[in-house]
Amino acid sequence: MRRTSFQAMGCPIAGALEYVGDWWTLLIVRDALDGFTRFDEFERNLGIAPNMLTRRLRALVESGLLERRRYSQSPPRYEYVITDKGRDLSPVLVALYAWGRKHTGSDAPSVVLTDRDTGEEIMPGLVDQHSGRPLSAVNLAFLAGPGADGFMRERLDPELRAARRRRGTT
């Protein structure tokens with residue numbers, strides 16, 4: 001089944017979903033960031049069917065998130081190594097981890113994020129790079145950028161957005 005492409009939407013979030021729009025992608029990238037590279041390792045860690053894993057790995061290589069490298073000539077075997085583009089997803093995974101710890105976790109989590117150098121647990125949070133304020137404390141708004149088309153400008157118009165939000169509170 002072919003899914004709909006979000007590329008034409010002109011939104012960075014929709015564009016990112018072209019690369020990471022299914023849960024297997026982020027879980028494979030998570031494992032690749034943790035040093036797993038072999039097909040059998042991904043299959044064992046994820047419990048994913050081999051045909052599904054083959055498709056996902058191929059898509060990750062085509063999108064530039066992983067690189068396929070031969071590690072054995074006879075028989076031919078390949079590993080899947082994280083690229084810089086894939087490594088750039090690390091903060092996204094950390095943000096999902098933090099959200100999951102807060103909203104789906106328990107008092108005794110099975111996974112904790114730590115500083116490799118000190119071993120201390122890290123409690124991640126997103127901050128504005130200019131002010132240092134936590135994003136949860138900033139009154140955020142997405143606005144149309146210089147490359148936005150008419151549809152995007154209307155969709156992100158601050159006055160229309162305010163009217164929609166008022167409609168949701170009445």
Side-chain angles (χ1 to χ4, degrees), residues 1-130 132-138 140 142 145:
M1 183 169 104
R2 180 77 179 127
R3 64 180 175 84
T4 302
S5 173
F6 297 133
Q7 200 62 45
M9 286 187 173
C11 169
I13 295 170
L17 288 173
E18 285 293 309
Y19 293 93
V20 298
D22 71 75
W23 59 49
W24 292 120
T25 296
L26 291 175
L27 293 174
I28 292 168
V29 169
R30 174 204 64 189
D31 282 3
L33 286 165
D34 205 23
F36 294 103
T37 61
R38 307 273 169 91
F39 187 95
D40 62 322
E41 293 173 329
F42 292 119
E43 185 180 21
R44 183 178 54 250
N45 288 347
L46 301 171
I48 185 174
N51 62 334
M52 178 72 75
L53 180 56
T54 297
R55 283 196 305 269
R56 294 297 179 246
L57 289 170
R58 184 180 307 121
L60 287 165
V61 168
E62 289 172 0
S63 67
L65 298 172
L66 295 178
E67 179 184 331
R68 185 175 184 239
R69 293 184 192 160
R70 183 177 253 178
Y71 70 89
S72 172
Q73 296 298 325
S74 182
R77 300 241 190 260
Y78 296 89
E79 63 182 352
Y80 299 87
V81 180
I82 196 81
T83 63
D84 288 341
K85 185 176 183 179
R87 216 171 274 106
D88 284 345
L89 280 171
S90 184
V92 174
L93 293 173
V94 170
L96 283 170
Y97 162 85
W99 186 90
R101 276 288 305 268
K102 181 175 181 180
H103 296 289
T104 67
S106 68
D107 290 336
S110 60
V111 175
V112 293
L113 183 65
T114 63
D115 182 315
R116 286 183 199 210
D117 295 329
T118 67
E120 293 180 28
E121 185 173 356
I122 296 171
M123 298 307 287
L126 298 174
V127 298
D128 174 47
Q129 289 183 349
H130 297 292
R133 294 184 300 164
L135 290 185
S136 59
V138 176
L140 301 170
F142 289 109

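- To the nearest 0.5 Å, the span separating CG on L135 from CZ on R133 amounts to 9.0 Å.
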Using atom types as modelled, flag every donor-acceptor pair under 3.5 Å from a side chain in residues 24-34 to any protein atom, sequence neighbours excluded.
unit_1	atom_1	unit_2	atom_2	d
T25	OG1	D22	OD1	3.4
T25	OG1	D22	OD2	3.1
D31	OD2	N45	ND2	3.2

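- Nearest heavy-atom pair, F42 versus I48, reported as atom, atom and distance to 0.1 Å: O-CG2, 4.3 Å.
- Distance check, rounded to the nearest 0.5 Å: CD of E43 to CE of M52 gives 12.5 Å.
- Residue pairs meeting the side-chain hydrogen bond (donor to acceptor under 3.5 Å, both in side chains) criterion with at least one member in residues 113-122, sequence neighbours excluded, are R101-E121.
- Summarising the geometry, atom CD belonging to E79 is positioned 9.0 Å from atom CD belonging to E41; distances are rounded to the nearest 0.5 Å.
- Contact detail for L66 and Y80: the closest heavy-atom pair is CD1-CB, 3.9 Å.
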Using atom types as modelled, flag every donor-acceptor pair under 3.5 Å from a side chain in residues 85-95 to any protein atom, sequence neighbours excluded.
unit_1	atom_1	unit_2	atom_2	d
K85	NZ	Y19	OH	3.3
K85	NZ	S63	O	2.7
R87	NH1	D84	OD1	2.7
R87	NH2	I82	O	3.3

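- For S72 (side chain) and R77 (main-chain N/O), no donor-acceptor pair under 3.5 Å exists by modelled atom type.
- Within a 6.0 Å radius of OH in Y71, more than 12 heavy atoms belonging to other residues, nucleotides or ligands are found.
- When all heavy atoms are compared, the tightest approach of T54 to F39 is OG1-CE1, 3.5 Å.
- Distance CG/L65 to CG/L60: 5.5 Å, rounded to 0.5 Å.
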TODO: Apply side-chain contact (heavy atoms from CB on, under 4.5 Å) to I13 and F142, showing your working.
DONE: CA-CA 11 Å; I13 295 170; F142 289 109; 4.0 Å; yes
